[in-house]
Amino acid sequence: MQYTIVPVTADHLDQMEEIERLCFSDPWSRRLLSELLENEAAATLAAVGEDGAVLGYAGIQVVLDEGYVNNVAVRPEYRRQGVASQLLEVFRRFGEGQGLAFLTLEVRDSNQAARALYARHGFVEAGRRKNYYQHPKEDAIIMTLEFQR
């Protein structure tokens, strides 16, 4: 499978909205997704196949020296093929290169596959947010990757 990691543009929003509905019980709206494009402190990257299909995407927001990863999402048929790993690797290199203190994210307590993915990339459990998710109600596990400075 061939794909390229590219910055998200408005042309990707329809497919991202579809992936949101496939991946999350509380999907972000198209409006929220489009607002990410306008946020100068945020970047959203997509893995795009040769045919222009968005296979997955992930976003990051930087506040001072902290990186907050949001909505790592991959179409179900492209999972376990390295797409999310590639997106996370770009963010890791960015964080190190920009001198960030850490990258952090939240993941459903029950999402063992995602938790294992993040752990393989050096993220460790750093806390819990009680009842963070609503549909269904569930805690979020905070996972953080700290950089040596």
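Predicted, not measured: the structure shown is a model, and the values here were computed from it. Here, residue 1 is the first one in the sequence, and each next residue gets the next number.
- Residues M1 and L88 are members of one and the same hydrophobic cluster, defined by side-chain heavy-atom contacts under 4.5 angstrom among Ile, Leu, Val, Met, Phe, Trp and Tyr.
- Not a single donor-acceptor pair under 3.5 Å links the side chain of N131 to the backbone N or O of D139.
- Applying the salt bridge (charged side-chain N to carboxylate O under 4.0 Å, His left out) test to E146 and every residue at least two apart in sequence or in another chain returns nothing.
- The cluster map of Ile, Leu, Val, Met, Phe, Trp and Tyr, joined by side-chain heavy atoms under 4.5 Å apart, puts V74 and V90 in the same cluster.
- In this structure the side chain of H121 reaches within 4.5 angstrom of the side chain of S85, judged on heavy atoms.
- Rounding to the nearest 0.5 Å gives a distance of 12.0 Å between CZ of R31 and CD of E17.
- A distance of 14.5 Å separates OG of S34 from NE2 of H12, quoted to the nearest 0.5 Å.
- Annotation: side chain to side chain donor-acceptor pair (under 3.5 Å) contacts involving residues 41-55, sequence neighbours excluded, are absent.
- Under a 4.5 Å side-chain heavy-atom criterion applied to ILVMFWY residues, the cluster that includes V6 comprises V8, L13, M16, I19, F24, W28, L32, L33, L36, L37, V48, V54, Y57 as well.
- Across V72 and A58, no two heavy atoms sit closer than the pair CG2-CB, 3.9 Å.
- The shortest distance between side-chain heavy atoms of F123 and L117 does not fall below 4.5 Å.
- By the rule that hydrophobic residues join a cluster once side-chain heavy atoms approach within less than 4.5 Å of another member, F91 and I142 end up as members of separate clusters.
- The closest side-chain heavy-atom distance from Y118 to V69 is not below 4.5 Å.
- The shortest side-chain heavy-atom distance between Y68 and V63 falls under the 4.5 Å cut-off.
- The distance from the CG atom of L100 to the CZ atom of R92 is 12.0 Å, given to the nearest 0.5 Å.
- In terms of heavy-atom proximity, E77 sits nearest to Q81 at O-NE2, 3.0 Å.
- Rounding to the nearest 0.5 Å gives a distance of 11.5 Å between CG of L87 and CD1 of I60.
- Summarising the geometry of A73 relative to C23, their closest heavy-atom pair is CB-SG, 4.1 Å, with the distance given to 0.1 Å.
- In this structure, R80 and A113 approach most closely via the heavy-atom pair NH2-CB, 3.6 Å.
- Between I5 and A47, the closest heavy-atom pair is CD1-CB, 3.8 Å.
- Annotation: R30, atom CZ; neighbour count of heavy atoms from other residues, nucleotides and ligands within 6.0 Å is above 12.
- Using a 4.5 Å heavy-atom cutoff, the side chains of E66 and T104 are not in contact.
- Grouping the Ile, Leu, Val, Met, Phe, Trp and Tyr side chains by contacts below 4.5 angstrom, directly or via other members, places V107 apart from Y132.
- With sequence neighbours excluded, the residues forming a side chain to side chain donor-acceptor pair (under 3.5 Å) with D65 are R149, listed by chain and number.
- Residues L22 and P76 share a closest heavy-atom pair of CD1-CD, 4.1 Å.
- In this structure R93 satisfies the side chain to side chain donor-acceptor pair (under 3.5 Å) test with no other residue, sequence neighbours excluded.
- The side-chain heavy atoms of V62 and F94, taken from C-beta on, include a pair separated by under 4.5 Å.
- Looking at Q61 and N70, their side chains never bring a donor and an acceptor atom within 3.5 Å of each other.
- Between L45 atom CG and T4 atom OG1 the span is 12.0 Å, to the nearest 0.5 Å.
- Applying the salt bridge (charged side-chain N to carboxylate O under 4.0 Å, His left out) rule to pairs touching residues 103-125 yields E106-R129, R108-E138, D109-R115, D109-R128, R115-E125, sequence neighbours excluded.
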